[in-house]
Amino acid sequence: MGVNTRTPLIAGNWKMNLDHLQAVAFVQKLHWTLKEAKHEDDSVEVAVFPPFTDLRSVQTLIDADKIPFALGAQDVSAHDSGAYTGEISGSFLSQLDARYVIIGHSERREYHSETDEIVNAKVKAALKHGLTPVICVGETADDLERFGASAVPAEQLKGALAGVSASADIVVAYEPVWAIGSGQAATPQQAQDVCAVLRGVLASALNDDAAARTRILYGGSVKAANIAGFMREPDVDGALVGGASLVVDEFASIIRFQKHVGV
Ligand code: 13P
């Protein structure tokens with residue numbers, strides 16, 4: 001696929017943690033910790049995905065203090081506006097300068113019955129409103145046993161991309177469900193194997209250029225102690241971090257993986 005010019009993306013999915021006051025304190029502290037460590041901001045893109053109620057406060061802080069983190073939401077409505085109680089429009093998110101939105105996280109697929117069709121509609125809604133979807137795919141332990149690692153994530157990605165333009169800006173996150181919150185991460189080789197298959201899906205569903213430029217993240221029990229192994233793999237372009245993104249020093253160390261990645 002040619003030279004890899006993809007900027008690594010380290011993304012923190014806070015899930016339903018940290019209220020707006022805690023969020024502001026956390027982002028300030030993370031920024032300070034990276035500054036103290038003389039972290040080079042351009043070497044890696046950092047994104048945080050707080051709960052909806054935190055977004056305005058975090059946006060205001062990032063803007064006022066010129067903090068170089070991108071902002072993302074954890075979900076978006078497939079609809080633009082109207083009688084959809086409890087849903088959040090992509091237009092509201094782009095008004096808050098959100099750059100990204102997580103779509104199809106396994107927790108939404110499981111607890112909110114999100115199908116590949118719903119994920120596809122949300123991906124289109126995000127793109128329509130100028131947001132970059134972070135499309136989550138991944139197999140359960142049962143899928144792994146029955147179909148191997150890549151079959152289910154590849155099908156999910158195909159479904160998510162139906163009717164999406166090859167020029168669309170998207171991010172893919174491979175999150176094996178059995179690795180999420182379990183402390184049992186995939187091995188770097190397992191992550192690489194599936195991410196390479198997913199890059200092939202990008203090439204066939206979109207085109208070669210989209211496959212070469214789209215970042216594919218690994219997620220599932222990522223920590224400071226294992227990030228370097230994932231980032232050494234050619235098709236892993238970053239991480240979607242859950243639990244470890246809620247601990248300032250741990251998340252800062254993951255962001256600084258280039259200091260301990262080795263070669
Ligand atoms: P953990 O890092 O807590 O395993 O969560 C991963 C995840 O679901 C990120 O979206």
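Each ligand, and each atom within it, is numbered from 1 in the order the structure gives. These numbers come from a predicted model, not from an experiment.
In terms of protein heavy-atom proximity, atom 2 (O) of ligand 1 is closest to G242 N, 2.9 Å. Of the protein's non-hydrogen atoms, G243 N, 2.8 Å is the one closest to atom 3 (O) of ligand 1.
With respect to the salt-bridge test (charged N to carboxylate O, under 4.0 angstrom), the residues K158 and D116 do not qualify.
Note on ligand 1: K223 sits outside its first shell, no heavy atom being nearer than 4.0 Å. Not a single heavy atom of A244 sits under 4.0 Å from any atom of ligand 1. Within the 4.0 Å heavy-atom cutoff, G219 does not count among the residues contacting ligand 1.
The closest side-chain donor-acceptor pair between D235 and Q192 falls under 3.5 angstrom. If you check the side chains of T60 and D63, you find no donor sitting under 3.5 Å from an acceptor.
K128 places no side-chain N or O within donor-acceptor distance of the main-chain N or O of S91, the cut-off being under 3.5 Å.
Close N/O approach between V241 and ligand 1 is not found [any backbone or side-chain N/O within under 3.5 Å]. Checked by distance only, ligand 1 and H105 come closer than 3.5 Å through their nitrogen or oxygen atoms.
When V58, L30, D41 are each tested for a side-chain contact (heavy atoms from CB on, under 4.5 Å) with F69, only one passes: L30.
For D142, the salt bridge (Lys or Arg N to Asp or Glu O under 4.0 Å) partners two or more places apart in sequence, or in a different chain, are R146.
At least one side-chain heavy atom of R109 sits less than 4.5 Å from a side-chain heavy atom of Q156.
Close approach of ligand 1 to L240 (heavy-atom distance below 4.0 Å) involves ligand atoms 9 (C), 10 (O). Distances below 4.0 Å separate heavy atoms of N13 from the following atoms of ligand 1: 9 (C), 10 (O). With ligand atoms numbered from 1 in the order given, ligand 1 contributes 6 (C), 7 (C), 8 (O), 9 (C), 10 (O) to contacts under 4.0 Å with heavy atoms of E175.
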